[in-house]
Amino acid sequence: MTRALLLIMALTYLMPALAASSSGTIAVSLVIQPRCDISRAEKHRLPAANCGGHSRAQPRITQQTLQQDPQRHETTRLTTVEW
């Protein structure tokens, strides 16, 4: 029990020194895209988004039907745009 306690105390004391001696680099880049152009949705199609012409910058657009009212010929849809 005493040895385990001494080991824990020693590691607690030495860990900041070991962490300070480690080094490395992180390569990060940030690309800011121009604004997106979003077209209006046609009757049975999703809206389209064009964000700088890069395939990785395009948002994911989904559409879900929430309600249909056959008497009034209306449909409520939720369109979600995710970047």
**OP:** Among Ile, Leu, Val, Met, Phe, Trp and Tyr joined by side-chain contacts under 4.5 Å, find the other residues sharing a cluster with Leu66 and list them by chain and number.
**Re:** Leu78

Original post:
Would you call Thr62 and Gln64 a side-chain contact if the rule is heavy atoms closer than 4.5 Å?
Top reply: no

Subject >> Identified side chain to side chain contact (heavy atoms under 4.5 Å, CB included) counterpart of Met9 within the set Leu5, Leu7, Thr12 >> reply: Leu5

Subject >> For Ser39 against Pro47, the heavy-atom pair lying closest together >> reply: O-CB, 3.2 Å

